[in-house]
Amino acid sequence: MDLTLLKQHSACAWEIPAQGKMRVPAMIYASRELVRAMDHKVYEQAVNVAMLPGIVGASHVMPDAHWGYGFPIGGVAAFDADAGGVVSAGGVGFDVSCGVRCLHTGLRREHIMAVQRELAEALFERIPAGVGSTGAIRLNSAQMDAMLSGGAKWAVERGWGSNADLERVEEHGQMLHAKPKFVSEQAKKRQREEMGTLGSGNHYLEVQEVTAVFDAAIASAYGLHQGDIVLMIHCGSRGLGHQIGTEFLRKMVEAAPGYGIILPDRELACAPIRSDLGQEYLGAMRAAINCALANRQILTQLVRDVFAKLLPSAQLPVLYDVSHNTCKLETHKVDGQPRELYVHRKGATRAWGPGHPELPQALRASGQPVLIGGSMGTGSYVLAGTKASESLAFSSACHGAGRAMSRHQALKTWNGRTVVDELAQRGILIRSPSMRGVAEEAPDAYKDVNAVVDAADAAGLARKVARLEPLVCIKG
DNA sequence: ATGTCC
């Protein structure tokens with residue numbers, strides 16, 4: 001990206017001033033180096049989002065942003081329904097409510113290393129992974145609707161996990177106002193055999209070691225200490241979310257002219273929040289959020305089953321569960337006044353600051369855990385939400401390393417088997433059904449996650465708490 | 001991300 005197009009506010013905050021048809025400015029939160037490395041397409045997309053009806057404040061770009069469908073991945077935009085605001089399927093993304101869940105284990109590195117290979121095999125055997133992977137669960141029509149309304153709460157009621165898990169999940173495990181009746185039969189059909197599966201692409205399940213602590217007080221409140229072993233699950237709403245995204249994108253493209261919405265890019269297809277199509281999408285999208293929450297809840301129980309056999313001393317309570325592809329109705333202060341806004345976060349994590357009433361009591365004083373999935377080789381982070389992010393980007397932060405190279409380019413550059421062997425030499429065991437997938441996900445196909453979280457911290461979006469490095473990775 | 005092109 002051409003830095004001369006930007007007005008620098010601070011080391012990690014850059015403005016694209018409102019110009020032309022932009023209703024608000026765009027803000028990019030990243031270091032000079034990260035901004036310079038961003039594709040010019042991110043600039044264009046952030047500008048295009050700023051043109052949409054009813055947008056409030058600014059079109060925000062997180063430090064891990066890259067070129068996406070319509071909206072950048074790493075984009076945050078809030079809309080006011082009373083001001084003609086819109087909801088956009090492309091502003092949420094195809095993998096609705098894709099997110100990360102972190103489990104404690106109560107174990108230390110030596111416990112894992114004693115059984116590292118067996119653990120990798122057992123997790124790989126128990127966790128269905130890869131394109132089109134299916135699980136052991138079959139849902140009939142009534143059960144599907146109950147899952148789409150109930151989310152992780154439904155899964156716990158069915159025996160996957162415990163009530164204590166739910167308070168550590170956004171929305172307390174259940175996204176309200178989901179409307180399964182607006183989820184097509186085709187979307188439900190695609191999901192019928194996919195509950196409790198990891199999926200493919202950048203989805204993974206990792207056993208990780210806490211290798212650095214940056215804020216000892218918050219880390220302790222989160223129950224994280226140097227050398228602790230945690231487990232991260234990164235996955236989403238599988239075929240159901242993808243089908244919903246595909247169908248509503250098409251409907252929104254077709255309907256936009258009728259709503260008088262002129263799109264700078266047809267990929268920004270959207271509908272007024274106060275329209276039948278907008279409400280249908282919100283109802284279906286919330287159902288997909290519940291699908292993802294239920295999926296991560298079921299996977300949690302599968303993981304606990306594996307540990308119960310192999311490492312029976314382990315306890316695996318949930319640290320937290322965040323989604324990073326959503327549109328949620330939230331209250332935010334704008335110019336000192338609280339307003340109800342529909343906040344799109346696409347490849348961006350909600351990051352409530354200290355004191356937020358939706359946080360569980362044990363975490364409230366520290367701010368929300370923000371779980372950042374890195375790449376297979378470079379590690380992950382736990383950050384904490386800040387007060388500052390409320391006024392910066394509607395309490396949002398980054399979500400991962402962010403791709404630096406296309407899948408196509410990565411395939412030309414790396415061989416999957418070689419990537420697995422090189423990581424094994426560094427003590428990281430990868431198990432995947434797809435060596436092609438591993439090549440696409442090679443660590444160097446991603447931005448430097450350290451630089452991304454440093455920028456998020458410096459910008460004030462979230463505070464660095466702990467760094468995690470993988471020992472075992474099940475890759476979709 | 002994705003029954004990686006109905």
Side-chain angles (χ1 to χ4, degrees), chain A residues 45 64-75 88-101 128-135 137-139 144 183-205 233-250 267 269 281 284-285 287-289 291-293 295-296 299 322-327 344-349 373 375-376 399-412 416 432-442 445-446 474-476:
Chain A
Q45 293 190 322
D64 51 339
H66 54 109
W67 178 11
Y69 185 94
F71 287 58
I73 296 164
S88 170
V92 171
F94 284 89
D95 189 7
V96 178
S97 199
C98 179
V100 182
R101 174 177 288 214
V131 177
S133 55
T134 56
I137 298 163
R138 298 289 177 271
L139 300 183
M144 177 67 68
V183 177
S184 71
E185 285 307 314
Q186 182 63 12
K188 291 173 181 173
K189 183 182 167 194
R190 283 183 66 172
Q191 195 58 27
R192 212 159 50 196
E193 301 183 354
E194 290 193 346
M195 294 310 295
T197 67
L198 197 58
S200 64
N202 67 358
H203 290 169
Y204 61 79
L205 185 151
I233 299 167
H234 178 202
C235 67
S237 53
R238 306 286 288 107
L240 181 135
H242 190 267
Q243 187 68 25
I244 290 171
T246 303
E247 291 170 6
F248 277 94
L249 269 167
R250 197 182 61 237
E267 292 186 1
Y281 175 70
M285 186 269 305
I289 289 177
C291 177
L293 297 183
N295 196 32
R296 290 197 287 274
L299 287 168
V322 295
S323 296
H324 49 228
N325 285 350
T326 59
C327 176
H344 294 66
R345 294 188 183 87
K346 179 185 186 183
T349 309
S375 72
M376 293 181 288
H399 83 305
R403 288 202 80 87
M405 187 187 284
S406 71
R407 294 185 178 280
H408 183 74
Q409 188 64 37
L411 271 181
K412 287 199 295 186
S432 175
S434 166
M435 282 307 117
R436 172 186 165 149
V438 170
E440 289 179 349
E441 294 293 317
Y446 280 83
I474 309 304
K475 192 79 189 167

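Only this structure's heavy atoms are used, side chains among them; waters, hydrogens and symmetry mates stay out. Chain letters run A, B, ... following the sequence lines, proteins first and then strands; every chain starts at 1.
With rounding to whole Å, A:N295 atom CG is found 14 Å from B:dT2 atom C1'. In this structure, A:E194 atom CD and B:dT2 atom C1' are separated by 9 Å, rounded to whole Å. Between the CG atom of A:L240 and the P atom of B:dT2 there is a distance of 12 Å, given to the nearest Å. Summarising the geometry, the separation between NE2 on A:H234 and C1' on B:dT2 is reported as 14 Å, rounded to the nearest angstrom. In this structure, OH of A:Y69 is placed 18 Å from P of B:dT4, rounded to the nearest angstrom. To the nearest angstrom, P of B:dC6 lies 10 Å from CD of A:Q243. Separating the NE2 atom of A:H408 from the P atom of B:dC5 is a distance of 13 Å, rounded to the nearest angstrom. The CE atom of A:M435 sits 17 Å away from the C1' atom of B:dT4 (whole-angstrom rounding).
No contact: A:E440 has no heavy atom under 4.0 Å from any strand. In this structure, A:S237 reaches neither bases nor backbone, as no heavy-atom distance under 4.0 Å exists between it and the strands shown. When heavy atoms are screened at a 4.0 angstrom cut-off, A:G239 is found touching the sugar-phosphate backbone but no base atom. As judged by a 4.0 angstrom heavy-atom cut-off over every strand, A:G199 is placed among residues touching the sugar-phosphate backbone only.
The side chain of A:R238 places an N or O atom within less than 4.0 Å of a non-bridging phosphate oxygen (OP1 or OP2) of B:dT2.
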Quiz item: Stepwise, does the ring pair (Phe, Tyr, Trp, His ring centres under 6.0 Å) test hold for A:H234 with A:H399?
Solution: CA-CA 11 Å; A:H234 178 202; A:H399 83 305; 7.5 Å; no

Self-check item: Stepwise side chain to side chain donor-acceptor pair (under 3.5 Å) check, A:S323 with A:R296
Solution: CA-CA 10 Å; A:S323 296; A:R296 290 197 287 274; 3.0 Å; yes

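Residues passing the side-chain hydrogen bond (donor to acceptor under 3.5 Å, both in side chains) test with A:S432: none are found, sequence neighbours excluded.
Residues A:R192 and A:T134 bring no donor and acceptor atom of their side chains to less than 3.5 Å of each other.
Across the interface with DNA chain B, nearest-nucleotide mapping of A:V131 and A:R403 shows A:R403 to be the residue nearer the 5′ end.
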